[in-house]
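Report on the following structure.
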Number of protein chains: 2
Amino acid sequence: MSTTSDTKTQLLDAAQELVTRRGFNAFSYKDLAEVVGIRTASIHYHFESKAKLGQALMQRYTSELEGALAGFDQRLRSEKARLEAFIGMYTDTEKRGAMCLCGSFASDLGTLPGEIADEVQAYLDRCEAWVKACLVAGIATGEFRATSKPADLAASLVAGLQGGLILARAQSGSPLLARVRRSFLQNLDA
Amino acid sequence: MSTTSDTKTQLLDAAQELVTRRGFNAFSYKDLAEVVGIRTASIHYHFESKAKLGQALMQRYTSELEGALAGFDQRLRSEKARLEAFIGMYTDTEKRGAMCLCGSFASDLGTLPGEIADEVQAYLDRCEAWVKACLVAGIATGEFRATSKPADLAASLVAGLQGGLILARAQSGSPLLARVRRSFLQNLDA
DNA sequence: GTCTATAAACTGATAGAC
DNA sequence: GTCTATCAGTTTATAGAC
């Protein structure tokens with residue numbers, strides 16, 4: 001059990017930081033090598049290509065999402081609290097001044113290898129399905145008021161959070177996601 | 001009055017297509033030169049740098065937005081119709097399988113020269129201000145029901161449209177923006 | 001206005017030594 | 001696992017001829 005992570009994990013962590021701040025096409029093996037402190041050639045030992053690195057990044061991100069959602073489901077007792085926890089993942093990212101890894105990849109989708117595009121779609125589908133289930137449950141118990149179809153509301157929240165995260169860094173004013181959160185939740189008030 | 005546009009306009013048109021499909025960092029002068037049919041060196045006669053080209057792109061885009069919004073205000077008689085027309089600009093872009101120029105730049109903001117970042121902010125501020133005014137007017141006449149502060153709703157719509165446009169290309173299912181539109185408008189139903 | 005020629009730096013990637 | 005050395009191709013940009 002070592003304090004410092006192994007090189008592969010360090011590479012994933014540094015790459016995630018670069019992708020969520022600069023974008024997949026705007027960072028290079030050189031950038032990555034400098035952060036981790038090895039040579040660019042050594043990166044190829046861990047990830048045979050930049051595309052495979054991107055794919056590994058999205059796979060880890062999606063499995064972390066799965067863990068977080070399972071935690072929310074198990075730990076929290078109201079659908080409102082679960083929704084708040086979900087939104088909280090994105091407000092945390094906003095505070096760091098970064099994008100969601102998936103949102104960053106989605107914005108580069110026109111230039112990405114198919115392997116990554118598939119992972120992006122899986123992540124988004126999972127988010128929408130979880131939010132939709134949360135809404136359906138909350139409407140059934142009377143916790144939420146149904147103003148639109150849950151599937152539409154779920155897609156709308158995911159789009160608002162991802163868009164908000166991308167636009168937040170360009171905005172002068174107050175935290176953008178706080179506004180997205182408020183208008184979404186007030187709309188559901190029973 | 002010639003049928004074919006001048007080279008500068010052709011360059012702007014081709015660059016806009018590339019930025020909204022691939023992103024600012026994912027297209028090169030070589031790509032642009034091939035589309036327009038000149039050499040890369042000739043591009044520098046019209047735009048001294050890629051940054052200046054990007055800035056010119058955003059300036060033209062913002063002034064086109066201004067024209068479109070003025071047209072909506074003048075031509076359309078209800079706030080609902082105006083909001084629909086605004087949303088329509090984005091559903092048109094979704095049909096083309098492209099991103100909004102501003103959304104594309106926003107996603108690359110961490111790597112962009114400051115001149116472009118300022119233009120991105122101006123475009124977003126203008127969108128939010130116009131939508132907010134539209135909502136305030138519609139609430140005053142009783143056309144809309146106010147579920148949240150107009151400023152929050154406006155920010156939320158802009159974020160939802162931009163996010164929806166970016167995510168739409170990764171999604172398998174039905175048009176994402178139609179869902180954003182439905183849940184936003186139903187929320188306003190008086 | 002557009003061209004050729006050229007630059008200097010960077011890109012992801014490979015071969016092979018240690 | 002990480003290194004050095006190297007590759008072929010690309011990037012934005014400049015100088016100067018036409």
Side-chain angles (χ1 to χ4, degrees), chain A residues 1-19 21-58 104-105 108-117 119, chain B residues 1-19 21-58 104-105 107-117:
Chain A
M1 203 182 291
S2 62
T3 311
T4 54
S5 2
D6 60 351
T7 305
K8 191 162 187 166
T9 304
Q10 277 182 267
L11 284 168
L12 285 170
D13 291 345
Q16 182 162 329
E17 188 71 12
L18 287 164
V19 175
R21 287 183 189 280
R22 307 172 54 83
F24 188 69
N25 291 320
F27 89 94
S28 69
Y29 270 34
K30 194 185 171 224
D31 300 324
L32 196 47
E34 277 164 13
V35 173
V36 175
I38 57 175
R39 300 295 179 148
T40 63
S42 309
I43 301 173
H44 285 278
Y45 173 80
H46 301 280
F47 302 99
E48 70 178 69
S49 68
K50 201 185 172 189
K52 293 280 183 194
L53 168 59
Q55 190 184 9
L57 229 31
M58 270 307 300
S104 175
F105 274 127
D108 285 332
L109 208 83
T111 68
L112 294 181
E115 310 99 88
I116 303 183
E119 300 289 337
Chain B
M1 205 181 291
S2 62
T3 312
T4 54
S5 2
D6 59 353
T7 305
K8 191 161 188 167
T9 305
Q10 276 182 267
L11 284 169
L12 285 170
D13 291 346
Q16 181 162 329
E17 189 72 12
L18 287 164
V19 174
R21 287 184 188 281
R22 306 173 55 82
F24 188 68
N25 290 319
F27 89 94
S28 70
Y29 270 36
K30 194 183 171 226
D31 300 323
L32 196 48
E34 276 164 13
V35 174
V36 175
I38 58 175
R39 298 296 180 150
T40 62
S42 309
I43 301 173
H44 285 278
Y45 172 80
H46 301 281
F47 302 98
E48 71 178 69
S49 69
K50 202 185 172 189
K52 292 281 182 192
L53 168 59
Q55 191 184 10
L57 229 31
M58 270 307 301
S104 176
F105 274 128
S107 76
D108 286 332
L109 207 82
T111 68
L112 295 181
E115 311 100 89
I116 303 183

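Here is the naming used below: chain letters follow the sequence lines, and residue numbers restart at 1 for every chain.
Following rounding to the nearest Å, B:Arg22 (CZ) and D:dT11 (C1') show an atom-to-atom distance of 14 Å. For the pair B:Asn25 CG and C:dT11 C1', the computed distance is 14 Å after rounding to whole Å. Between the CD atom of B:Glu48 and the C1' atom of D:dA15 there is a distance of 16 Å, rounded to whole Å. Taking atom CD on A:Gln10 and atom P on D:dG1, their separation rounds to 13 Å, with Å as the unit.
Side-chain proximity of B:His44 to C:dG1, D:dT14, C:dA13: nearest is D:dT14.
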_Let's go through B:Val19 and B:Asp108 carefully: what are the C-alpha distance in whole Å and the side-chain angles of both, what is the deciding distance for side-chain contact (heavy atoms from CB on, under 4.5 Å) to 0.1 Å, and is it a yes or a no?_
CA-CA 10 Å; B:Val19 174; B:Asp108 286 332; over 6 Å; no

*Start with the C-alpha distance between A:Phe27 and A:Lys50, add both sets of side-chain angles, then the distance that settles side-chain contact (heavy atoms from CB on, under 4.5 Å), and finish with yes or no.*
CA-CA 10 Å; A:Phe27 89 94; A:Lys50 201 185 172 189; 3.8 Å; yes

*Decide side-chain contact (heavy atoms from CB on, under 4.5 Å) for A:Phe24 and A:Leu57; before the verdict, give the C-alpha distance in whole Å, the side-chain angles of both, and the deciding distance to 0.1 Å.*
CA-CA 11 Å; A:Phe24 188 69; A:Leu57 229 31; 5.6 Å; no

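Taking only side-chain nitrogens and oxygens, B:Ser28 comes nearer than 4.0 Å to OP1 or OP2 of D:dT11. For the pair A:Tyr45 and D:dT2, the criterion of a side-chain N or O lying under 4.0 Å from OP1 or OP2 is not met.
Every residue meeting the salt bridge (charged side-chain N to carboxylate O under 4.0 Å, His left out) condition with A:Arg21, not counting sequence neighbours, appears here in chain and number order: A:Glu17.
Heavy-atom distances under 4.0 Å link DNA chain C to B:Ile38, B:Arg39, B:Ala41, B:Ser42 of residues 32-43 of chain B, given in residue order.
Residue A:Tyr29 holds its OH atom at 6.0 Å from OG of A:Ser49, rounded to the nearest 0.5 Å.
Heavy atoms of A:Tyr29 sit under 4.0 angstrom from primed sugar atoms or phosphate atoms, though from no base atom. In this structure, A:Phe47 reaches neither bases nor backbone, as no heavy-atom distance under 4.0 Å exists between it and the strands shown.
By the 4.5 Å heavy-atom criterion applied to side chains, A:Leu12 and A:Leu53 are counted as neighbours.
Mapped onto DNA chain C by nearest heavy atom, B:His46 and A:Lys30 fall at different nucleotides, with B:His46 at the one closer to the 5' end.
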